[in-house]
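Throughout, residue positions are numbered sequentially from 1 according to the sequence presented.
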Amino acid sequence: MLYWLMKHIFLGPLLKLFFRPRIIEGAENIPKEGGAILASNHLAVSDSFFLPLKLSRRVTFPAKIEYFTGRGLKGKLQRWFFYGVGQVPIDRSSASAAQGALDTGVRIVREGKLLGIYPEGTRSPDGRLYKGKVGVAWIALESGAPVIPVAMFGTDKANPIGSKMWKPYPIRIKIGKPLDFSRYEGLSGDRFVLRSITDEIMYALMELSGQEYVDVYAAKAKEAPKGEEKQAKAVDRLPEAKAG
């Protein structure tokens, strides 16, 4: 109930008034029912607000647990807000916690819901598209659900990294055709298969968004000294129990 109140009464009308978000292509690629994974590029925190605003179905996004653990009145309001916009807390502080996040994603999709996920793992530091983490592939294989690429445009202008206030800017959303990975059924423990699937998803996002692709994890790029490009390539780590 809170989700729909936020979408249609409290938050949604204001976002529509100031930003006029619109789907410019591919709305028909969202299934009317059944579980699916919406894999999106990630330019700003506001991505998780604008995408659900333009879809008739509810979208559930995993969000870092810090958004739900604040103390005092501010913490309670923040927790209420993030639950209200359809986000669920995930803890990524350890391998077991990361596995719990993946399991939560699978559960959401198996319940016939739409799961929103950012394969890059964090916001792009400079507007480019970064290497995807294989968790999205693992969820796709374990759930058997299709992956639908989604490209967001303009959210980084409306909600720049580090900004405390949003500013009016036209938001556009583009939705690609579903990607079917049923040919890899039963291979969720194969790292090479997971990397191949993830790369296919990222290629679809690159074509859809028109972003320049960088074969480095966004988190690693953020750690690089200012003005330098991190060339070392990171290695995906899956929990041992699930990696085979």
Side-chain angles (χ1 to χ4, degrees), residues 1-7 29-42 45 47-49 51-53 55-69 78-122 132-150 175 178-191 193-195 197-198 200-202 205 236-244:
M1 178 63 71
L2 181 56
Y3 177 89
W4 299 111
L5 287 174
M6 292 291 287
K7 179 174 179 177
N29 291 322
I30 301 293
K32 297 186 182 302
E33 59 183 21
I37 301 166
L38 306 184
S40 174
N41 62 338
H42 197 17
V45 172
D47 293 331
S48 300
F49 304 151
L51 178 57
L53 189 64
L55 298 180
S56 58
R57 294 185 61 186
R58 174 172 178 162
V59 183
T60 300
F61 284 93
K64 60 184 181 180
I65 199 170
E66 288 80 4
Y67 289 148
F68 301 85
T69 57
Q78 182 172 267
R79 185 162 53 252
W80 176 82
F81 175 79
F82 279 99
Y83 275 125
V85 295
Q87 302 197 21
V88 294
I90 59 169
D91 183 359
R92 298 175 292 182
S93 60
S94 65
S96 59
Q99 184 58 56
L102 293 177
D103 291 338
T104 296
V106 172
R107 174 182 57 80
I108 290 170
V109 178
R110 284 179 175 172
E111 290 174 352
K113 300 175 182 178
L114 296 180
L115 173 69
I117 193 169
Y118 302 113
E120 292 168 276
T122 187
K133 295 190 174 183
V134 300
V136 61
W138 189 86
I139 294 174
L141 292 187
E142 286 291 306
S143 66
V147 177
I148 303 172
V150 176
I175 299 174
L179 303 175
D180 178 18
F181 298 108
S182 59
R183 61 190 182 278
Y184 296 116
E185 183 179 1
L187 297 176
S188 62
D190 189 316
R191 292 177 182 273
V193 169
L194 294 178
R195 173 43 57 195
I197 291 174
T198 304
E200 185 175 336
I201 293 170
M202 300 312 293
L205 280 176
D236 279 325
R237 292 182 180 178
L238 285 180
E240 295 294 333
K242 298 294 185 178

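Every side-chain hydrogen bond (donor to acceptor under 3.5 Å, both in side chains) that E200 has, sequence neighbours left out, goes to R183. Scanning for side-chain hydrogen bond (donor to acceptor under 3.5 Å, both in side chains) contacts around R110 gives an empty result, with sequence neighbours left out.
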Criterion side chain to side chain contact (heavy atoms under 4.5 Å, CB included) on D190 and Y184, from CA distance to verdict: CA-CA 10 Å; D190 189 316; Y184 296 116; over 6 Å; no
Report the C-alpha distance between L141 and L194 in whole Å, list the side-chain angles of each, state the deciding distance to 0.1 Å, and finish with yes or no for side chain to side chain contact (heavy atoms under 4.5 Å, CB included). CA-CA 9 Å; L141 292 187; L194 294 178; 4.0 Å; yes
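Side-chain contact check for D180 versus P146: every heavy-atom pair is 4.5 Å or farther apart. Within the 4.5 Å cutoff, the side chain of P178 has heavy atoms near those of the N29 side chain. Annotation: side chain of V59 is not in contact with side chain of S48 (no heavy-atom distance under 4.5 Å). In this structure, V106 and L102 have side chains that are not in contact, with every pair of non-hydrogen atoms separated by 4.5 Å or more.
Summarising the geometry, atom CG belonging to L114 is positioned 8.0 Å from atom OG1 belonging to T60; distances are rounded to the nearest 0.5 Å. Put simply, NZ on K113 and CZ on R107 are 6.5 Å apart, with the number rounded to the nearest 0.5 Å. With rounding to the nearest 0.5 angstrom, the OG1 atom of T198 is 8.0 Å from the CZ atom of F181. Rounding to the nearest 0.5 angstrom, the gap separating the CD1 atom in I197 from the CG atom in L187 is 8.0 Å. For the atom pair CG of L205 and OH of Y118, the computed distance is 11.5 Å after rounding to the nearest 0.5 Å. Going from atom CD1 of I139 over to atom CG of D103 covers 9.0 Å, rounded to the nearest 0.5 Å.
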Tell me which donor-acceptor pairs under 3.5 Å the side chains of residues 31-40 have, and how far apart each pair is, sequence neighbours excluded?
unit_1: S40; atom_1: OG; unit_2: V150; atom_2: O; d: 3.4

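When every heavy atom of L55 is checked against every heavy atom of I175, the shortest pair comes out as CD2-CD1, 4.2 Å. The two residues R195 and G132 have their closest heavy-atom pair at NH2-O, 2.9 Å. The two residues F61 and P52 have their closest heavy-atom pair at CE1-CG, 3.8 Å.
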